[in-house]
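Just so you know, residue 1 is the first one in the sequence shown, and it goes up from there.
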Amino acid sequence: MTPSARVERHGVLRFSGGQITSHVEADVHHSSRLKDRDVDIGALDSATVHSALSRRKLFGSINKVIDASISGRVVDVDGVQYDDKNQLRRMHRRSVLLTRTHGGIATTRATVGTADSIKVADCLPVATRLAPEQEMTPTLPDRIMFSPLAFAELLAEFAAVAFSVQDAPDVYRREERWLGEKLGPPGLSVVDDPAATGGWPIDLHGRYRSHVPLVERGVAIGAVTAVKEGGAPGARSDIPELAAYPADLVMSFSQNKPCGLETAPTLHIGRVHYVSVIDAHRGILTASTRDTVWLYRPGKPAAAVGDMRITVAMPDLLSGIVGTLPGSSETVPVSWGGVVVRCPFVVCEGVSL
């Protein structure tokens with residue numbers, strides 16, 4: 001049985017200052033072949049009505065417990081697709097991103113789950129207490145802690161070039177540059193796992209998606225590949241939109257002892273945006289920090305440093321990981337491509353930004 005095209009309905013509710021600023025839905029069609037049969041969009045209707053009502057209800061609940069200083073969005077993706085065995089597969093995932101401004105300082109929290117699983121308490125950002133401003137100086141520490149929201153953006157951008165094979169040139173680059181490369185300490189692991197993040201259980205060809213190990217014991221061992229039907233990994237797809245990149249990343253780090261903020265001064269980066277690759281062969285990224293960078297000394301915010309533009313080689317950043325905050329793993333949305341990442345607060349040392 002020929003699998004169907006995939007149809008997704010994306011619903012986005014945005015709000016600011018205690019008011020809804022937009023609430024829209026759009027259908028997105030994905031197909032692996034021109035001959036894919038159509039899927040009945042009516043199969044989405046009941047799911048998306050529930051999602052739309054739930055978005056408004058969540059917004060109302062947020063407004064009841066917090067003042068108008070909060071802004072953000074609630075995004076639902078509901079999808080249907082027949083697999084290669086003619087079974088209708090459904091997918092639903094919700095992401096919530098809230099930013100709270102208090103005393104001129106913005107803090108953001110992101111949450112990924114389902115319409116039924118995400119509660120108001122899961123979404124609310126905690127206002128950071130004010131600290132004396134500190135200008136940028138060369139004395140800032142080289143010990144850096146990235147929140148899950150910040151680290152996810154960097155990891156996803158790097159994974160798209162280091163662990164993605166679209167066609168023959170990518171196969172060469174991966175085997176020549178990244179395959180077998182030591183990227184981090186032995187405790188570092190990265191997998192692409194849709195089951196862990198609520199992603200699609202099947203690909204656009206209707207075939208079951210299993211988890212793909214990308215980094216194991218700190219060494220690059222795998223990649224997500226674009227596979228032409230009946231072809232080999234890395235063969236050019238017959239439809240240009242069929243791109244392959246790790247979209248459901250899970251990063252973990254095993255450590256002998258907990259890593260905290262009690263001892264050394266630490267620079268805390270809570271969020272980044274405008275992330276881009278400037279050297280794919282060396283894995284160098286550039287990004288801007290957002291919502292203020294904080295200096296912790298020791299264990300508490302000591303100074304607001306302000307936002308900055310950073311450039312970093314991801315192999316150096318991953319190699320510099322010394323630990324993670326225990327029990328801090330969060331599943332967060334990335335700002336592009338529908339990518340979702342699960343990772344903890346990551347602490348690095350000796351990294352040049």
May I ask you to decide if [Y]'s main-chain N or O and [X]'s side chain share a donor-acceptor pair within less than 3.5 Å?
| X | Y | answer |
| --- | --- | --- |
| R89 | D83 | no |
| R109 | L124 | yes |
| S51 | A47 | yes |
| S189 | S252 | no |

Side-chain heavy atoms nearer than 4.5 Å, only ILVMFWY residues, links allowed to pass through others: does that put [X] and [Y] together?
| X | Y | value |
| --- | --- | --- |
| V161 | L317 | yes |
| I202 | V7 | no |
| W336 | L285 | yes |

Salt bridge check, D192 against R209: does any charged N sit closer than 4.0 Å to a carboxylate O?
yes

In terms of side-chain geometry, is the basic nitrogen of E153 or R290 positioned less than 4.0 Å from the acidic oxygen of its partner?
no

Roughly how far, to the nearest 0.5 Å, is CZ of F345 from CE of M145?
5.5 Å

Can you measure from OG (S95) to CZ (R73) and round to the nearest 0.5 angstrom?
7.0 Å

If you take all heavy atoms of [X] and [Y], which pair is closest and at what distance?
| X | Y | answer |
| --- | --- | --- |
| P125 | T107 | CB-O, 3.7 Å |
| P315 | G283 | CD-O, 3.9 Å |
| T21 | S16 | CG2-N, 4.0 Å |
| R93 | V340 | CZ-CG2, 3.4 Å |
| I321 | C348 | CG1-SG, 3.9 Å |
| F163 | G222 | CD2-O, 3.7 Å |

When T114, D116, D76, D78 are each screened for side-chain hydrogen bond (donor to acceptor under 3.5 Å, both in side chains) with R94, the one that passes is D76

Measure up the F158 and W178 rings against each other and bin them: parallel (under 30°), tilted (30 to 60°), perpendicular (over 60°).
perpendicular

With T289 as reference, evaluate D307, V305, L267 under the side-chain contact (heavy atoms from CB on, under 4.5 Å) test and give the passing residue.
D307

Answer yes or no: does atom CZ of R217 have more than 12 heavy-atom neighbours from other residues, nucleotides or ligands under 6.0 Å?
no

Verify the distance criterion only: is there a donor paired with an acceptor across the side chains of T286 and R309 at less than 3.5 Å?
yes

